[in-house]
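Remarks on the structure that follows.
Counting begins at 1 with the first residue of the sequence.
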Amino acid sequence: MADVPQNLKYTQEHEWIRVDNGVAVVGITQFASNQLGDVVFVDVPTVGKTVEAGDSFGTVESVKAVSELFAPVSGKVVEVNSELEVSPELVNEEPYGDGWIIKLQPSSPKDIDGLLSPAAYADLIKQEQEG
């Protein structure tokens, strides 16, 4: 069973989001990381770009596939994880820590409340594993 931290919110597309001082930190979940296999490249947007909830904002390339990244909420990109340029494996090694992907300034912070709770995300993983 994949780790599902209780202090995060989740999307159906396996992104997680955590709000620190009004800024939303976004990454992919351990489940998604495990499904992808070894991540070899992460394509991230430029700082200052505006993203809409549900829209693709980048890609993660692994030895198995290329997967799109979807914005959990609308907002403006205020920081990207530049460490991923030289160490994309951080997405696998620390998906909830140093493997974060972008930081957003949410345009409507209350939209985060509408994302999946840890329990709902755990149920989603279970359903996907049972096929």
Residues 43-54, side-chain donor-acceptor partners within the protein, below 3.5 Å, at least two apart:
from: Glu52; atom 1: OE1; to: Ser74; atom 2: OG; distance (Å): 3.3

Distance from Ser62 atom OG to Gln35 atom CD, nearest 0.5 Å?
10.5 Å
Atom pairs and distances, side-chain donor-acceptor, residues 113-121, under 3.5 Å, sequence neighbours left out:
from: Ser117; atom 1: OG; to: Ala120; atom 2: N; distance (Å): 3.1
from: Tyr121; atom 1: OH; to: His14; atom 2: ND1; distance (Å): 2.6
from: Tyr121; atom 1: OH; to: Thr29; atom 2: OG1; distance (Å): 2.7

For Val25 and Ile17, run side chain to side chain contact (heavy atoms under 4.5 Å, CB included): C-alpha distance rounded to whole Å, both residues' side-chain angles, the deciding distance at 0.1 Å, then the answer.
CA-CA 5 Å; Val25 183; Ile17 186 168; over 6 Å; no
Does Trp16 reach the main-chain N or O of Lys9 with its side chain, forming a donor-acceptor pair under 3.5 Å?
no
Cluster question for you: counting only ILVMFWY and a side-chain heavy-atom cut-off of under 4.5 Å, with indirect links fine, are Trp100 and Val60 together?
no
How are the rings of Tyr96 and Tyr10 set to each other: parallel, tilted or perpendicular (split at 30° and 60°)?
perpendicular
Does any non-hydrogen side-chain atom of Leu90 lie less than 4.5 Å from one of Glu83?
yes
Name the one of Val40, Val39, Asn81 that satisfies side chain to side chain contact (heavy atoms under 4.5 Å, CB included) with Val91?
Val39
Any side-chain heavy-atom pair of Val26 and Pro72 under 4.5 Å:
yes
Taking all heavy atoms of Pro106 and all of Gly22, pick out the closest pair and write down the distance.
CD-O, 3.4 Å
Under the side chain to side chain contact (heavy atoms under 4.5 Å, CB included) criterion, do Glu89 and Asp38 qualify, and how do the steps go?
CA-CA 7 Å; Glu89 66 275 11; Asp38 294 337; over 6 Å; no
Donor-acceptor pair, distance only, cut-off 3.5 Å: does the side chain of Gln6 make one with the backbone of Val4?
yes
Would you say that Gln105 contacts Val23 through its side chain, given a criterion of any heavy-atom pair below 4.5 Å between the two side chains?
yes
Test your reading of the model: is there a side-chain donor-acceptor pair from Gln30 to the backbone of Asp3, 3.5 Å cut-off?
yes
Shared hydrophobic cluster for Ile28 and Val80 (ILVMFWY, side-chain gaps under 4.5 Å):
yes
Which other residues end up in the same hydrophobic cluster as Phe70, if Ile, Leu, Val, Met, Phe, Trp and Tyr are linked when side-chain heavy atoms come under 4.5 Å apart?
none
Under a 4.5 Å cut-off applied to non-hydrogen side-chain atoms, are Glu128 and Phe31 in contact?
yes
Report yes or no: do Val77 and Ile112 belong to one cluster of Ile/Leu/Val/Met/Phe/Trp/Tyr joined by side chain heavy-atom distances under 4.5 Å?
yes
dist Glu79:CD -> Lys76:NZ (nearest 0.5 Å) comes out at 13.5 Å
Is the shortest heavy-atom distance from the side chain of Val19 to the side chain of Pro109 under 4.5 Å?
no
Note: Gly37 and Asn92 closest approach over all heavy atoms is O-ND2, 2.8 Å
Please assess Leu69 against Ile102 for the test side chain to side chain contact (heavy atoms under 4.5 Å, CB included), listing each intermediate value before the final yes or no.
CA-CA 10 Å; Leu69 298 164; Ile102 61 169; over 6 Å; no
